[in-house]
Every structure is written in C-alpha cells, then in structure tokens.
S.K.: 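A single structure is presented below for examination.
First the proteins, then the strands, lettered A, B, ... as listed; each starts at 1. Remember, predicted model here, so these are calculated numbers, not experimental data.
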Amino acid sequence: MNKNFLLEIGTEEIPAPYLEPAINSLTRLLSNCLRDNLIHLGNIKSFYTPRRLSVFIEEVSPKAEDIVNMITGPPKEVSFKDGNPAPPLIGFVRAHNMQPTDVKVIQKGGKEVIAIEKIEKGCNTREILENIIPSIIKSIEFPRSMRWESTRVRFARPIRWIICLFGKHIVRFKIAGVISDRISMGLRSEKCITIDKPSNYENIMESRRIIPDPSKRMKEIERQIKVAVKKHNIEWLIDNELLKEVTNMVESPIAVIGQFDKSYLSLPQDIIRAALKGHQRYFWTQKAGKETNYFISVANNPDGDKDIIRKGNERVLNARLEDAEFYLQEDMKLLLSKRLEDLKKMLYDIKLGTLYDKTRRLTQLSLFCTSWISGVDSKTLKRAALLSKTDLTTNMIKDGKEFTKLEGIIGAEYASRQGEDNKVVNAIREQYLPKYPDDCLPHTNEGILLSLADKIDSLVGGYLVSGIPSSSKDPRAMKRNANGIVRIIIEKSISIPLHEVIRKDFKLYNRKYSSNIINFVIQRYKQYMLDKGVKNDVVMAVHETDNILIMKMIADAIVGAGDIQEIIFAAKRINNILKGIDGIKPKVNEEYLVETEEKKLYSEIIKTEVLLDKSISKKRFSDSITLLLGLTSYINKLFDAVLIMSPDKHIKANRLSLLYHTSSLFERIADFKNLH
Amino acid sequence: MSLEKFWDKQGCFMGVPYPGDVGAGTFNPLTIFYVFGKQPFKVAYIETSKRPKDGRYGDNPNRLQSFFQYQVIIKPSPSNIQKLYISSLMNLGIDVKFHDIRFVEDDWEQETLGAYGLGWEVWLDGMEITQFTYFQKMTGVELEIIPVEITYGLERICMLLQGKDSIYDIDWSSDVKYGDIFKEREYQFSKFNFEEANIDIFRMDFNRYENEAKRLIGLNLYYPAYDYCIKCSHILNILDTRRALSPDERKNLISRIRKLCEEVGKRLTKKKDE
C-alpha cells in the first residue's frame, strides 16, 4: 500500500534569502532521486520557515518497481534436440539458477535465440530512503555554508533535529550527529512536537501556531497588517519585496504597530525608508497620501506582549533615525562643492585613479554626448557632473550602515538643501538609474546623459582593470552597466554613436581604444531583444552598428512589416547565385542590359535607391521595407524570364553586377537571406 | 553578575578583561589564543570595547564609543547552545515569553584578525543585544573544532531590563546613573576621536608598533607581539574616525595588521601542534 512521506530538517535560523532556493533544491533532489530509484510518487508539497525545511509527498510506493532483465542465451537451433532441451540450454539455465521450463525463444539480430527473464526485486522504499536522504541533505547548496560539529558536514546553519517518516514509521539515519525521529521543535518558549504521521504535519504545526506554508504565512501577515492599520485609520505602504523577506524571517507572525518620534519626519524620506526597511524590516504607513510616523513590524511570538515589543521597536527605530540626524548635521557642515578636494584623496580604483579623476571624465564625457541630444542644459549637466560623486565623501554614505546604499539620493538631498538648482538636484539623483533590471530610468535629459556617461565610464574602467567579464564572473558589474546603457538608449530613444563616445572615454583615461566594449554592449543589446521576445533570426539579421537604437528600429520594422516572405525569398535567390562567385563588378554597365526584365529592374533599382536612402536617413525603416517589397516582383520576373548565366561573357558579368547591386540595397537594411 | 553565575554553572572559567584598547571582546587573547586546536575550552569574561567611530558625543541613546560586552566562548559548540543562550536571558530577568526574540543573519568578519564566522545578531524586540557566531576561521586559519562565541551588549540589555529609553539613564547603582559616570567621557572621547586626535603621532605609533610586532614575531614571542597587533588595530580605528585615511590607505593598513596576526596565528598553531 502506498504511504505518505515527510521530511523535516530542523535547524537554527537560516538566513531569509537562502530559504526558497534551498527548499526548491531539496524538493527537486528528493523527487528526482526517488524517481531514479523507480519509486512512484503522488503530489509533493514543500514547506519552510527559518527553522525548518520540510517536504511532504503523498502516495509513495512501498517498494521500488521490479526490474525485468532479459538475458539471452545460445541460438535456438543448438538449444534443442528433437524438441527437448540440449546441453547448451541446460548449461545456460543452470548458470542462472533457473529451470529449462523458464526458457523463452526470442528474436535477436535476426536470429532466434533462447532467453530467460530474470526479475530483480525492487528494494523497500524505506531502506532506499535511509540511504539516500543523508547525501541529499548534504548536497543542498547555500550561498554560504558552515561547519559546527565534528563530522564537518556543511549546511547554512546547524541542523538540530530531523523528522523523517514513511507512513507511521521512522526512516532512521544519522547526519551531523543528529538521528532522525518524529520529534520537532515548537516555538522557542514551547515544548517539543510529536508528529504521528506525515499527513498530520501541517495541521499539528498550525495547532502549535507555526505556519509552515510560506504562502499561507504571507497571507496571514497581510491580513494582520490590514486589521492593524484600519484600527489606526492609516494606510499601509505595500512593499512586496519586504513582505516576502519578512515572511521568511518568522514562523508565527504577529503584526505590531508603533510610532517613531514625529520630529524625524523632517529627515529625507529615502533615509527614513532605509532606516525602516533596510535594517529593521519595518513597513511604513501613509495617511491621505502623506507619510506618517506610524510603522508596522512583524514579530515572531504569538504570546508576545505587544506593548513591550512595540516599545522596544520604537526605541531602536528612534535611535537609528537619531543616527541619521547625526550624520545629516555633520554632513551639512561642509558644502558638496567643497568636497571636491576630498574626492582627490579617494580612489575610484587603484589602477584608474581617484574619484576626482572620474568626476573630471564624467563632466567631459557627458558634455561630449550633448552633440547628439537636444534639449540639454549644458550648465546644469556640468554642475551635476561636478557634484555627482561628492556624496561619497559624506558620513551618511561612508559610515551610515543601512544608509550607505543611498548614493546619488543623498547627493541630491544635500544639493537641494544647499540651494543647488532643482535640475542639478534631479540629475544627481538619477545618475545611477537603473540600478537593477526592473528599476526605473532617469527622466530628465541631464540625468539621462549623466547616467549614460557614468555607465560608459564604469564599463571602460572595468574593462581596463579586468577585461570583458565571463559568464560567471563579473566583479565590476559590467553586465549591469551595459544593460543599463542598452535600456536607456532604447527606452529613451537616444540616437548616439557609441563608438565615438567610448573612444572619447578611452582618450580621457589616456588609454588605447579597444572595440571589445562596443561588441560587449551589442551582445547585451541582442540579449535584451531576445528577452523582449523578438525572434533570434530577426535580432541576428540586423547588421551590427554602434547605434543600437537604429538596430532596434530596424528589428521593429521587420517584425512590424508582417509578411516579408517575398523579400526573404528574393534575397535567398540572389544569394544562391552570387555566393561563390568572385570578382563581381559592383557597377552595372547599361550597355549590356539586353532584356526588358533586366532593364526594368535596373531602372527600378535606381529609383528605389534614392528613396531608400531617404527613408534610412529619416529612420523610417518600415518605409524602407515597403520599398524593398516593391522591388521583389521585378526580381522575380528577371529570374523567370532571363538566364543569368548567359553564354555571353559580358552580359553574364553585367547581370551578376545587377544582382549584386540589388542585393546591396537589401543589405542596407538587414541580412534578409538568413531570416526564416 | 547573573550572567557570570549562569555561565560559571555551564563550566566556563571566568576570564579577565584585556587591559588595552580593543574593538571587541574577540580580540582578547583568551579568545584568539584558545580557539585553535582540539582541546575543549570554555571561558566567559567582561570586556570594554572601544569603537571610536560609534562615538556620538553622548547624544545618541544607544550608541557609544566605549561600551561593555560580555563574552562567552565555548569550544566545541554544544548542540543546545541556542537554548542555553535563551536560558541565560531568562536568568537575567528577560522573560522571553513576552518578547520578540529573533536570530537575524549577520555573518561576522574581522579583517584585521583574518577571522570570519557565521551566525546572527540577536534581536530583542528589534534591538540588537547579542552577537552570536560560529567561528570558522581565525588569523587566516581554518579551525579544526568550531567554537561558538556569544557577545552580549551589556548597556542595551540593562536598558531593556530597567525599561530606560537611553543608556545614560541606566541606574548604575541606587543613586548613580550611567550618564553620571560616562556621559562626559563619551563627549570628550568623541571630540578627541573625531576632531583632536593627533594624526601624525598616531601614524608614527602605528609604524613603531608594527615594527615592534614584527621583531617580536621574529623572536617567536607571539603573546607580546599580539599586544602590538591590537594596538595597531586601535590606531587604525582612530585614524579612520579622524578621516585621515583614504580608502586604499585604510585597506593597506588593514592588510598590514592582518599579516601580523596571521604570523602570530602560524606560530601559535605550530606550538599547539608540537
């Protein structure tokens, strides 16, 4: 009879970000391993809290499937004599400890041979489990793991108990000094929990107020928060990322509402948010669209005294905000513009000079870029670039613990408090955007240029120090920078020749130019397009240029053009003739155009070429494709009526030139022949 | 006192504070010198820790440049250590039943010591009151037997016990408050660390102490050599607080101290192996 299975690995608190990957890997390893052992499984459900990783599997077969091995013996003709077993057969069955009556005749390689079926009995599932689980537990990988006892097993944190049940029975094994049993630990203040059978696991846990299912736990937290904010007539600033993290930090949640000192509301919002979220993992609240001094924390003790917990939380938060206030007061004593001197003492990189050097490059590079973008206020840009890195010298960024990640934001905040122009403030604020894949982009033109210049300079700098990153190692976040460049250019429609900008930056570094960077950016662009769902052949057919916006527009035009089979067909047809022929003259000699079809095609090409160039210079690539589409009927007529490989040498050469010229028009847009 | 009794009962011997300036109880030779090797070791002691950068001129309710830690080291780490720790809090009078106790990921690394460990900061109602670490490496050497280190922040625990909002309001005795004794000192040392410490003197001292440590290491006198490593480490912290160090210079000084510590560690483990 099939039985349910349960494994609970009980640990000391595993870091929140480790949990989900760990449970996925445990579930996958376990189910794969059981299937590999020919054990049948029903539904699988996984659970986790900071102190337990659990897998529950329904309907597991009690034994592994039997394996039938067909063992072939001697040919049929020597195995029998007058229909009775002959010595070769008798020897064969004896060797396998079987009877002559067990023999079958089967076909093998076109011959009839005798064979026996040997059945390998499947092992007991419980025995298999005893053997495989310890090694499965050891193969779960964590970002960082540790040792804690003498067998030197590695795990994220010490394993302190293990439940392993198959039906009502314990699956016994030992790992890291722990022997598996049916006893789990409850909340810290409570007693042990005995699990009688796997199917009762979740219910028993919940009856002891532990919610092992993370999605249920998250819903419970949300529910409690909603109740709590309603009572205070405020709104909860929903933060799904934080909600997930908090869910992974508790097993028995209670939401507690507290207040920090109102005077700290005058601190910059980003700082308050960082203090709440970054370290303490508290949620913030609003009332009528305005942030309040109420916050919500999620504690892990359902018996806790909410007043005591609230007071403790308030005390800590006030101290953190007091810290921020201290940094702010200290930092305000020195104007950002006076901090340029400090930048001269701070290294950007030991091989790349100081942050002041970087500032100097950024100023020049971003101003250089203004040639291609209209509506940029150079004065604003110059000022923003000059002050852009000065916040790295402030206490808030250097020492501020959870505030150190606010670079750019702090700079903007201080610039604003020190009376810098609003446009300068915005550009400083936006200089690092986008910081992560789905982050927002800079809005202002000056912010866009500053961010672009910053990323290009970091990319070139990274390249000078460690070359192009490999797929696994990218210590200088070059991929992130390149992806940022691609997103800004495309999503903000920045038409800029990257070649020149990158070359300029190399010059500012005083180093020799390398085209590796532009190629790297183009690769990231291609990945970006593929991620957006554009087909591979389309992405690849567009010729590489250093203006990735153009590449994107051409790809869009191809996708948007609908049916372009005629173009693809014509391009393939021309290519089939031209490939392998050397020495084709690019220029058509009109004298040798004999047939109507070729004359007609030539005159169409001349007309189209002018229009095509116009459409390209206006970046109206769908017009370009329509023009090419218009040519296809003439091309087809030519192929249908005219023999390209004419016996006349001159005429043949000229027809090849005509095709070559035609193909060059296609090539101006894309490599159509390789489209599907 | 009740911490002392508690850990005494657990078989820890009562250590003494290190007489010089240290950044953490971990620097005490009682920790550094005994975490190596196979021999079991249990110690508990109080330590004054100096973190110049955390000075707040006596203004912040729970940040100080000089504070008290209670340090417990047990090698090998017992399997019920979290439970023991919780009992020690109960023993102090913190009824964990009413509070929110959390073990929040905080991997510990001390660059100058070439040491790292995995563990948590323990939160009591959101306040960090303890650092809880399983050492993995010390002076660059992978440890054979894993010790556990528990470091209680005494001021913060007292605050909670006495229900005070500021460290300075803690009753030191029936008629003396913490602030009466230490507030002025906090102010003066903050002023000194941030503004007045003589950079040139400290730089010179750093070089002198470093040379002395090297010389002593050469003589295989690693105990006194280690004293000079600690002095260098404290000077580094002061120079850093005084903003005298560029990031690369800071890195450089750290790696110099680290090298000294690694040398001390090498000699120490060699001795233990003999």
S.K.: Nearest 0.5 Å, please: how far is CG in A:D307 from CG in B:D125?
M.R.: 11.0 Å

S.K.: For B:S77 and A:W148, work out which heavy atoms get closest and say how close.
M.R.: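 Taking every non-hydrogen atom into account, OG-O, 3.2 Å.
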
S.K.: Would the number of heavy atoms belonging to other residues, nucleotides or ligands and lying under 6.0 Å from NZ of B:K259 be above 12?
M.R.: no

S.K.: When you look at B:E105 and A:Y18, which way does the side-chain contact (heavy atoms from CB on, under 4.5 Å) test go after all the steps?
M.R.: CA-CA 10 Å; B:E105 172 190 15; A:Y18 294 11; 3.8 Å; yes

S.K.: Do other residues, nucleotides or ligands put more than 12 heavy atoms under 6.0 Å from the OH atom of B:Y34?
M.R.: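 It does not: B:Y34 OH has 12 such atoms or fewer within range.
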
S.K.: Counting only non-hydrogen atoms closer than 4.5 Å, does A:D342 touch chain B with its backbone (N, CA, C, O), its side chain (CB onward), both, or neither?
M.R.: neither

S.K.: What residue in A:K311, A:R310, A:R157 has the most heavy-atom pairs under 4.5 Å with chain B?
M.R.: A:R157

S.K.: For B:Q39, does the CD atom sit with more than 12 other heavy atoms under 6.0 Å from it, leaving out its own atoms?
M.R.: no

S.K.: I'd like to verify something: which residue of A:V316, A:I254, A:N301, A:I309 has the highest number of heavy-atom pairs under 4.5 Å with chain B?
M.R.: A:I309

S.K.: Is the number of heavy atoms from other residues, nucleotides or ligands within 6.0 Å of CZ (B:F189) greater than 12?
M.R.: no

S.K.: Show, in sequence, the C-alpha distance, side-chain angles and deciding distance for B:W120 and A:E12, and conclude whether the side-chain contact (heavy atoms from CB on, under 4.5 Å) test is met.
M.R.: CA-CA 10 Å; B:W120 313 269; A:E12 296 179 358; 3.1 Å; yes

S.K.: With respect to chain A, which residue among B:Q136, B:K97, B:M127 yields the maximal number of heavy-atom pairs within a distance under 4.5 Å?
M.R.: B:Q136

S.K.: Between B:V96, B:D107, B:V148, B:I145, which has the largest tally of heavy atom pairs under 4.5 Å with chain A?
M.R.: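 Ranked by contacts with chain A, first place is B:D107.
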
S.K.: Does atom CD of A:E241 have more than 12 heavy-atom neighbours, drawn from other residues, nucleotides or ligands, at distances under 6.0 Å?
M.R.: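 Not buried by this count: 12 neighbours or fewer within 6.0 Å.
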
S.K.: On a heavy-atom basis, which atom in B:F98 and which in A:I308 lie closest, and how many Å separate them?
M.R.: CB-CD1, 4.1 Å

S.K.: Using a 3.5 Å distance criterion without hydrogens, assess whether the side chain of A:R147 forms a donor-acceptor pair with backbone atoms of B:L143.
M.R.: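 Flag set: sc A:R147 to bb B:L143 pair under 3.5 Å.
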
S.K.: Could you state the interatomic distance from CG (A:N300) to CH2 (B:W123), rounded to the nearest 0.5 Å?
M.R.: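 Between atom CG of A:N300 and atom CH2 of B:W123 there are 12.0 Å.
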
S.K.: Looking only at heavy atoms and a cut-off of under 4.5 Å, which of A:E325, A:R281, A:E314, A:H279 has the most pairs with chain B?
M.R.: A:H279

S.K.: Under 4.5 Å from any heavy atom of chain A, what part of B:K164 do you find: side chain, backbone, both or neither?
M.R.: backbone

S.K.: Please flag which part of B:Y57 lies under 4.5 Å from any non-hydrogen atom of chain A: side chain, backbone, both or neither.
M.R.: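 Side chain only.
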
S.K.: Measure distances from A:S145 to the heavy atoms of chain B and classify the residue's part below 4.5 Å as side chain, backbone, both or neither.
M.R.: backbone

S.K.: Under 4.5 Å from any heavy atom of chain A, what part of B:R243 do you find: side chain, backbone, both or neither?
M.R.: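 The answer is the side chain of B:R243.
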
S.K.: Do NZ/NE/NH1/NH2 and the carboxylate oxygens of A:D323 and B:K53 come within less than 4.0 Å?
M.R.: no

S.K.: Is there a donor-acceptor pair closer than 3.5 Å between any side-chain N or O of A:E13 and the backbone N or O of B:R102?
M.R.: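 Not confirmed, A:E13 side chain does not pair with B:R102 backbone.
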
S.K.: Tell me which of these, A:R51, A:M146, A:R152, has more heavy-atom pairs under 4.5 Å with chain B than the rest.
M.R.: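 The option with the most such pairs is A:M146.
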
S.K.: Starting at CG of B:D59, measure out to CZ of A:F326 and round the result to the nearest 0.5 Å.
M.R.: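 Result: 8.0 Å between the selected atoms.
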
S.K.: If you count heavy-atom pairs under 4.5 Å with chain B, which of A:E149, A:R315, A:M249 comes out on top?
M.R.: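 Looking at each of A:E149, A:R315, A:M249 in turn, A:R315 comes out on top.
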
S.K.: Between B:D54 and chain A, with a heavy-atom cut-off of 4.5 Å, which part of the residue counts as in contact: side chain, backbone, both or neither?
M.R.: side chain

S.K.: Go through the atoms of A:V178 and report whether side chain, backbone, both or neither lie under 4.5 Å from a heavy atom of chain B.
M.R.: neither

S.K.: Give, as side chain, backbone, both or neither, the part of A:P17 having an atom under 4.5 angstrom from any heavy atom of chain B.
M.R.: side chain

S.K.: When you look at CD of A:E141, are more than 12 heavy atoms from neighbouring residues, nucleotides or ligands closer to it than 6.0 Å?
M.R.: no

S.K.: Rounded to the nearest 0.5 Å, how far apart are CG of B:D100 and CG of A:D303?
M.R.: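 Interatomic distance, B:D100 CG to A:D303 CG, rounded to 0.5 Å: 11.5 Å.
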
S.K.: Once you round to the nearest 0.5 Å, how far does CZ of A:R144 lie from CG of B:L118?
M.R.: 5.5 Å

S.K.: Mark yes when over 12 heavy atoms from residues, nucleotides or ligands other than A:Y264 sit less than 6.0 Å from its OH; otherwise mark no.
M.R.: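 Yes, OH of A:Y264 has more than 12 neighbouring heavy atoms, counting only those of other groups under 6.0 Å.
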
S.K.: Say you draw a straight line from CZ of A:R160 to CG of B:N80; how long is it, rounded to the nearest 0.5 Å?
M.R.: 8.0 Å

